[in-house]
Amino acid sequence: QVQLVESGGGLVQAGVSLRLSCAASGRTFSSYSMGWFRQVPGKDREFVAAITWNGGRTYYADSMKGRFTISRDNAKNTVTLQMNSVKPEDTAVYYCAAGSISSVTSDYGYWGQGTQVTVSS
């Protein structure tokens with residue numbers, strides 16, 4: 001089992017960079033693929049990025065390619081999402097999740113509580 005806690009969200013201006021972190025507890029962290037999703041009120045949770053258990057492969061939603069970077073440090077039980085050139089449409093609650101490498105929420109069995117990112121224009 002793994003518990004996840006996100007941090008790094010906040011209110012920022014468009015165009016800046018923001019780094020989200022997800023700290024995991026539990027000795028099995030390195031056995032899970034990790035994903036980042038985001039959600040705005042009234043909409044389904046949206047896939048952002050995912051990374052395999054050893055960091056060997058990464059996947060991104062098309063709209064985030066080139067701007068966002070997912071990485072992980074299994075020694076520190078952390079996964080990060082580097083967000084560059086943020087846009088107002090990036091405003092959402094961002095969640096990290098542990099599970100099978102996928103862009104589908106149901107393939108992830110563990111979720112954090114989320115961190116709010118608000119981008120002003």
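Note that the structure is predicted; figures quoted are calculated from it, not measured. When a residue number appears, it is its place in the shown sequence, counting from 1.
Follow the hydrophobic side-chain contacts under 4.5 Å out from Tyr108 and you never reach Val79; the two are in separate clusters. In terms of hydrophobic clustering, with Ile, Leu, Val, Met, Phe, Trp and Tyr side chains grouped at heavy-atom distances under 4.5 Å, Val16 and Met64 are assigned to a common cluster.
Pairs engaging residues 54-66 under the salt bridge (charged side-chain N to carboxylate O under 4.0 Å, His left out) rule: Asp62-Lys65 [sequence neighbours left out].
Of the residues Trp53, Trp111, Tyr110, the one that meets the ring-ring contact (aromatic ring centres under 6.0 Å, His included) test with Tyr32 is Tyr110. The one candidate from Leu11, Leu20, Leu81 that meets the side-chain contact (heavy atoms from CB on, under 4.5 Å) condition with Val117 is Leu20. The only option from Val93, Thr115, Thr91, Asp90 that meets the side-chain contact (heavy atoms from CB on, under 4.5 Å) definition with Arg38 turns out to be Asp90.
A distance of 13.5 Å separates NZ of Lys87 from OG of Ser121, quoted to the nearest 0.5 Å. In this structure, Asn77 CG and Ser30 OG are separated by 7.5 Å, a value rounded to the nearest 0.5 Å. Rounding to the nearest 0.5 angstrom, the gap separating the SG atom in Cys22 from the OH atom in Tyr94 is 15.0 Å. Rounded to the nearest 0.5 Å, atoms CZ (Phe47) and OH (Tyr59) are 9.5 Å apart. Atom CZ of residue Arg19 and atom CG of residue Asn84 lie 10.0 Å apart, to the nearest 0.5 angstrom. Distance check, rounded to the nearest 0.5 Å: CE of Met34 to CD1 of Ile101 gives 10.0 Å.
Residues Gln82 and Ser17 come closest through the heavy atom pair NE2-CB, 3.7 Å. Contact record, Ala24 with Val2: CB-CG2, 3.7 Å, taken as the closest heavy-atom pair.
When the side chain to side chain contact (heavy atoms under 4.5 Å, CB included) test is applied to Thr58, the partners found at least two apart in sequence or on another chain are Ile51, Tyr60, Ile70. Residues that satisfy the side chain to side chain contact (heavy atoms under 4.5 Å, CB included) test with Ala14, not counting sequence neighbours, are Pro88, Val119.
In this structure, Arg72 forms a cation-pi arrangement with Phe29, its terminal cationic atom sitting closer than 6.0 Å to the ring centre and no more than 45° off the ring axis.
By the 6.0 Å contact criterion, CD on Gln3 is open, its count of non-hydrogen atoms from other residues, nucleotides or ligands being 12 or less.
If you check the side chains of Ser21 and Ser7, you find no donor sitting under 3.5 Å from an acceptor.
Proximity of Val5 to Gln113: side-chain heavy atoms (C-beta onward) are separated by under 4.5 Å at one or more points. The closest side-chain heavy-atom distance from Phe68 to Trp36 is not below 4.5 Å. Using a 4.5 Å cut-off on side-chain heavy atoms (C-beta onward), Arg67 and Met83 make no contact.
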